[in-house]
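Just so you know, these numbers come straight off a predicted model, no measurement behind them.
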Amino acid sequence: MTNDIALTAAQRSSLLSLQRTQYLSDRTQTRLSTGRKINEVVDDAVNFFRARTLSDRAGDFQLRKDDIDQGISALNTALDAIEAIDALLNQLKGIVEAARSQSTQERQAASSQFIEVGRQIFELVEDTSYQGLNLLTSTNSTLDVAFGIRTSSRLQVQGLNLNTTQADTQFGIFSIAAFTSNNSTFTLSNFGVSSGSFTSFGLDNSSVSTATSAVQTLDAGIGRLRGLAQSLGSNVAILQTRLDFTQEYVNELSVGSDKLTLADLNEEGANLVALQTRQQLGIQSLSISGQQQQAILSLLQ
């Protein structure tokens, strides 16, 4: 025995129409609240997964973008240090050039200044670290920046060793570490010039060739240091170009994903108004379809 209430065909038709209208109204309100026409797989399985693929790839490259940005900062740290070292080397050069016309006592005082500036260069190189990576203290340190998913799409920048205990034959930078070995007796001979300290120029400046050799050595070191800065700067330019490209690429992937899923809010707003009108009409239709039973009830009364 069934307990279903008997409804006329007109009433059932009106009821089904109202249920369909309510479903469409709920869907439209969801689209308006989320801004997307595809929120679940059941909305459109094909475009849902196409959009997901684009979004996932955009997320992967967003991580690469962050790594590239950090790589630029690491190189800029090394470049800033080289610029500071350049300035300190020029100070050393000025001390040596001034020693040409100084007295022996003045040269002895300048020698202490020369050693202190050199020690500061050593300390500056040791302090040049970015997230644990120092590109100026070891040729074994390497900056490795990946640009994409493929393993070959990357840039590797090998570090330098400006504080080597021996003259750096690869880069031609003199031994900055010599400043920390025996500061009390440090002489210009550590830079490859003839033996003797500042006082060896002679009381009558007859040995100024020693100063000339020191200045030439410092000039050579400064020139090579600037060459290294140019090489690092070129790598910064490469990373900046890849950073700009990656940013644009991530943006295009995101836009492509949105094209597949975003809703037209103007259209959805118009749909909602139309559905509200249809819902009111459906309720009215259901009311009209029930008037026949109401008439029978009136006769019975």
Side-chain angles (χ1 to χ4, degrees), residues 12-77 130-133 142-157 233-286:
R12 289 191 179 277
S13 177
S14 297
L15 182 60
L16 289 174
S17 178
L18 277 174
Q19 291 174 339
R20 177 61 180 172
T21 300
Q22 184 61 47
Y23 166 77
L24 294 175
S25 179
D26 291 343
R27 189 185 70 177
T28 301
Q29 290 179 9
T30 300
R31 289 178 176 180
L32 286 171
S33 62
T34 63
R36 296 185 177 277
K37 64 182 178 181
I38 299 176
N39 293 282
E40 299 176 335
V41 178
V42 295
D43 295 333
D44 187 336
V46 175
N47 283 336
F48 178 86
F49 286 110
R50 288 175 63 192
R52 175 63 64 84
T53 299
L54 292 173
S55 297
D56 290 345
R57 187 168 179 81
D60 292 338
F61 274 87
Q62 181 64 42
L63 294 176
R64 300 302 183 192
K65 172 182 171 293
D66 295 339
D67 291 341
I68 295 172
D69 213 356
Q70 290 300 305
I72 291 175
S73 295
L75 289 179
N76 281 334
T77 299
Y130 185 85
Q131 291 188 342
L133 176 66
T142 302
L143 175 66
D144 189 356
V145 181
F147 298 137
I149 300 175
R150 294 184 298 110
T151 57
S152 60
S153 181
R154 63 194 327 112
L155 176 68
Q156 293 181 325
V157 180
S234 176
N235 289 321
V236 170
I238 293 173
L239 290 180
Q240 187 61 56
T241 300
R242 290 304 302 244
L243 179 65
D244 294 340
F245 165 77
T246 302
Q247 178 62 47
E248 293 295 330
Y249 186 46
V250 169
N251 184 65
E252 288 301 326
L253 290 172
S254 300
V255 169
S257 175
D258 289 341
K259 287 178 180 178
L260 295 171
T261 60
L262 287 184
D264 185 338
L265 298 183
N266 292 325
E267 180 182 354
E268 297 302 331
N271 288 340
L272 184 60
V273 173
L275 288 169
Q276 289 173 343
T277 302
R278 185 186 299 177
Q279 189 174 45
Q280 293 173 358
L281 291 173
I283 294 174
Q284 187 66 30
S285 176
L286 186 61

Taking the side chain as everything from C-beta on, heavy atoms only, tell me whether Asp244 gets closer than 4.5 Å to Glu248. no
Enter the distance from Asp56:CG to Phe49:CZ here, rounded to the nearest 0.5 Å. 11.0 Å
Determine whether Thr246 and Phe147 make a side-chain contact, defined as any pair of heavy atoms from C-beta on separated by less than 4.5 Å. no
Tightest non-hydrogen contact, residues Leu239 and Ile68, listed as O-CG2, 3.3 Å
Does the side-chain contact (heavy atoms from CB on, under 4.5 Å) test come out yes or no for Gln70 and Asp66, once each step is laid out? CA-CA 6 Å; Gln70 290 300 305; Asp66 295 339; 5.7 Å; no
Which heavy atom in Leu143 sits nearest to a heavy atom in Gly71, and how many Å separate them? CD2-O, 3.7 Å
Can you see which heavy atom on Ala51 is nearest to which on Ser257, and at what distance? O-OG, 3.2 Å
Gap separating the OG1 atom of Thr77 from the CD atom of Gln131, nearest 0.5 angstrom: 9.5 Å
Shortest non-hydrogen contact from Thr142 toward Leu133: O-CD1, 4.0 Å
Show your working on side-chain contact (heavy atoms from CB on, under 4.5 Å) between Arg242 and Ser153 and close with a plain yes or no. CA-CA 11 Å; Arg242 290 304 302 244; Ser153 181; 3.8 Å; yes
What I'd like to find out is whether the side chain of Lys259 reaches to under 4.5 Å of the side chain of Val255, using heavy atoms alone. yes
Is the shortest side-chain heavy-atom distance between Ile238 and Asn235 below 4.5 Å? yes
Gly148 versus Arg64, closest heavy-atom pair with distance: O-NE, 3.4 Å
Do Gln247 and Asn251 get their side chains close enough for a donor-acceptor pair, meaning under 3.5 Å? no
